[in-house]
Chemist: 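Next up is a structure, given as structure tokens.
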There are 2 protein chains.
Amino acid sequence: MTFGEYIREHREALKSQDRRFSVRQVAQRIGVEPAYLSKIERGDVAPPSEAKIRALAEELDEDPDVLLAMAGKVSSDLQEIIRKRPQLFADLIRQLKSAPDHAILRIARDVRDGDW
Amino acid sequence: MTFGEYIREHREALKSQDRRFSVRQVAQRIGVEPAYLSKIERGDVAPPSEAKIRALAEELDEDPDVLLAMAGKVSSDLQEIIRKRPQLFADLIRQLKSAPDHAILRIARDVRDGDW
DNA sequence: ATAAATGTGTAGTATATAGTACACATGACA
DNA sequence: TGTCATGTGTACTATATACTACACATTTAT
């Protein structure tokens, strides 16, 4: 599923419960022209900027990292973390490329709990 | 130190031992115009594309991830790994933001050795 | 029935990205 | 001393990114 299809689907779902989730009203709240949001949802144009994707995530109550990923982007705050210690993070991330989900989850939990 | 300064410094160091490391010759080997490389080194223009930075890293025997970081970029292969499992990686990387180097190094080693 | 709201087609814009092409003054060197 | 290579200034160019503005037909609400 593309970024646009995903947005349309989730916006429509909200719209069926609350008519403030029309293309026009959502567009206005995230600060773009209605025609632009319409084109984004139909895949007529590329996904918008990170800032607009974040606004959309907030509006639709979705995970911004997931939406950014669907848009082919990686959050700029993550990029900055990596850029500060490129060798360490590049090495770690490549190591984790084919690690199972539960392993990554567990490492994150261990780090959070200070178990390392 | 900027990307350009760093490149110039390291290219000049190689040049002092081997005159094939002139702006012109390096430019030709990495596939850009000499004037362009000159401008890059002096910060007259933004750093080049990821592909050219990789060619430069190879040519100067530098770590591509470090050069990319200096250029304000993150390797596209890392971005792809993150985009495939955005929640897991976003969470982990943010957890590791302020972890000490040795902790990150150790996690990478543990993963490599299968100790997890 | 009509006014308001809706979704979308067409056309255009500003800025960034990623360079090329050529000329020219300077310096090395044989 | 001529020529060959070097570094760089100026002027362009092509493509991508990230949108706006307006018109218009359709659908919905009162």
Side-chain angles (χ1 to χ4, degrees), chain A residues 2-57 59-60 64 67-68 70-76 79 83, chain B residues 2-57 59-60 64 67-76 79:
Chain A
T2 68
F3 177 81
E5 286 166 359
Y6 186 88
I7 295 297
R8 167 137 303 186
E9 196 169 278
H10 286 253
R11 185 188 51 74
E12 292 285 353
L14 291 170
K15 189 188 170 192
S16 73
Q17 303 297 321
D18 184 340
R19 64 197 183 295
R20 289 175 319 176
F21 287 91
S22 66
V23 166
R24 283 183 113 95
Q25 294 196 41
V26 170
Q28 195 191 339
R29 288 197 297 274
I30 69 169
V32 298
E33 288 293 311
Y36 184 42
L37 179 54
S38 171
K39 278 176 281 195
I40 288 167
E41 290 191 351
R42 285 170 300 125
D44 199 5
V45 298
S49 65
E50 177 167 344
K52 301 303 181 187
I53 291 174
R54 288 191 179 285
L56 217 33
E59 189 61 37
L60 305 183
L67 290 191
L68 286 166
M70 297 192 76
K73 306 185 195 248
V74 168
S75 179
S76 54
Q79 300 207 33
R83 283 199 307 266
Chain B
T2 68
F3 177 81
E5 286 166 358
Y6 186 87
I7 295 296
R8 167 137 303 187
E9 195 168 281
H10 287 254
R11 185 189 52 73
E12 291 285 353
L14 291 170
K15 189 188 171 192
S16 73
Q17 303 296 322
D18 184 340
R19 65 198 185 294
R20 289 176 318 175
F21 287 91
S22 67
V23 167
R24 282 185 114 94
Q25 295 196 40
V26 170
Q28 195 191 338
R29 289 197 296 275
I30 69 168
V32 299
E33 289 292 312
Y36 184 43
L37 179 55
S38 172
K39 279 175 280 193
I40 289 166
E41 290 190 350
R42 286 170 298 124
D44 198 6
V45 298
S49 64
E50 177 169 345
K52 301 302 181 189
I53 291 174
R54 288 190 179 285
L56 216 34
E59 190 60 39
L60 305 182
L67 290 191
L68 285 166
M70 297 191 76
K73 306 186 196 247
V74 168
S75 179
S76 54
Q79 300 207 33

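In what follows, every chain begins at residue 1, and chains take the letters A, B, ... in the order their sequences are listed.
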Chemist: Which part of the nucleic acid, if any, lies within reach of A:Lys52 when heavy atoms closer than 4.0 Å are counted: base, sugar-phosphate only, or nothing?
Modeler: sugar-phosphate
Chemist: Between B:Arg24 and B:Val45, which residue's closest nucleotide on DNA chain C lies nearer the 5′ terminus?
Modeler: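 With B:Val45 and B:Arg24 compared, the 5'-side residue is B:Val45.
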Chemist: Between B:Phe21 and A:Ala35, who's closer to the 5' end of DNA chain D by nearest nucleotide?
Modeler: B:Phe21
Chemist: What integer distance in Å separates B:Gln28:CD from D:dT6:P?
Modeler: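 Rounded to whole Å, this separation is 10 Å.
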Chemist: Return the value, rounded to whole Å, for the distance between atom CD1 of A:Ile30 and atom C1' of D:dT20.
Modeler: 14 Å
Chemist: Between P on C:dA23 and CD on B:Glu33, what's the gap in Å once rounded to a whole number?
Modeler: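 Atom-to-atom, B:Glu33 to C:dA23, this comes out as 13 Å.
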Chemist: Taking all non-hydrogen atoms of both residues into account, name the closest pair between A:Arg42 and A:Arg8 and its distance.
Modeler: CG-NH1, 3.9 Å
Chemist: Considering every strand and a 4.0 Å limit on heavy-atom distances, what is the contact class for A:Arg8: base, sugar-phosphate, or nothing?
Modeler: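 Since only primed, P, OP1 and OP2 atoms lie under 4.0 Å of A:Arg8, the category is sugar-phosphate.
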Chemist: State whether B:Ser38 places a side-chain N or O below 4.0 Å from either non-bridging phosphate oxygen (OP1 or OP2) of D:dT8.
Modeler: yes
Chemist: Got a sec: does the CD of A:Gln28 have more than 12 other heavy atoms crowding it under 6.0 Å?
Modeler: no
Chemist: Sort out for me which residue in A:Arg54, A:Lys52, A:Lys15, A:Arg29 forms a salt bridge (charged side-chain N to carboxylate O under 4.0 Å, His left out) with A:Glu59.
Modeler: A:Arg29
Chemist: How long is the line joining NZ of A:Lys73 and C1' of D:dA16, in whole Å?
Modeler: 11 Å
Chemist: Check the surroundings of atom CZ in A:Arg20: do more than 12 heavy atoms from other residues, nucleotides or ligands lie under 6.0 Å from it?
Modeler: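 Atom CZ in A:Arg20 is not crowded, with 12 or fewer foreign heavy atoms closer than 6.0 Å.
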Chemist: How does DNA chain C look in dot-bracket form if you count Watson-Crick and G-U pairs under 3.5 Å, write [ ] for pairs that cross, and put | where a base pairs with another strand?
Modeler: ||||||||||||||||||||||||||||||
Chemist: Does B:Lys15 make a side-chain N or O approach to OP1 or OP2 of D:dA5 shorter than 4.0 Å?
Modeler: no
Chemist: Answer yes or no: is there a side-chain heavy-atom contact under 4.5 Å between B:Val74 and A:Val74?
Modeler: no
Chemist: Using OP1 and OP2 only, check whether a side-chain N or O of B:Ser22 sits under 4.0 Å from D:dT6.
Modeler: yes
Chemist: Only one of A:Val45, A:Ile53, A:Val23 forms a side-chain contact (heavy atoms from CB on, under 4.5 Å) with A:Ile40, so which one is it?
Modeler: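 That would be A:Val45; it is the only one of A:Val45, A:Ile53, A:Val23 passing the side-chain contact (heavy atoms from CB on, under 4.5 Å) with A:Ile40.
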Chemist: A:Asp44 CG to D:dA18 C1': how many Å, rounded?
Modeler: 14 Å
Chemist: Under 4.0 Å: is that the gap between some side-chain N or O of A:Arg19 and OP1 or OP2 of C:dA5?
Modeler: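 So the side chain of A:Arg19 is outside the cut-off, no N or O lying under 4.0 Å from OP1 or OP2 of C:dA5.
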Chemist: Pick base, sugar-phosphate or nothing for A:Val32, based on heavy-atom distances below 4.0 Å to the nucleic acid.
Modeler: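 Touches sugar-phosphate only.
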Chemist: Rounded to the Å, how far apart are B:Glu50 CD and C:dA16 P?
Modeler: 21 Å
Chemist: Expressed as a whole number of angstroms, how long is the span from B:Leu37:CG to C:dA18:P?
Modeler: 16 Å
Chemist: Please evaluate the base of D:dT10 for a donor-acceptor partner in the side chain of B:Lys39 within a cut-off of under 3.5 Å?
Modeler: yes
Chemist: Do NZ/NE/NH1/NH2 and the carboxylate oxygens of B:Glu41 and B:Arg11 come within less than 4.0 Å?
Modeler: yes
Chemist: Does the side chain of B:Ser49 get closer than 4.0 angstrom to OP1 or OP2 of C:dG19 through an N or O atom?
Modeler: yes
Chemist: Nearest-Å distance, CZ (B:Arg11) to C1' (D:dG7)?
Modeler: 9 Å
Chemist: Between A:Gln25 and C:dA5, does any side-chain N or O lie under 4.0 Å from OP1 or OP2?
Modeler: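 A:Gln25 to C:dA5 OP1/OP2: no side-chain N or O under 4.0 Å.
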Chemist: Please check this pair: side chain of B:Glu50 against backbone of B:Lys73, looking for a donor-acceptor N/O pair closer than 3.5 Å.
Modeler: no
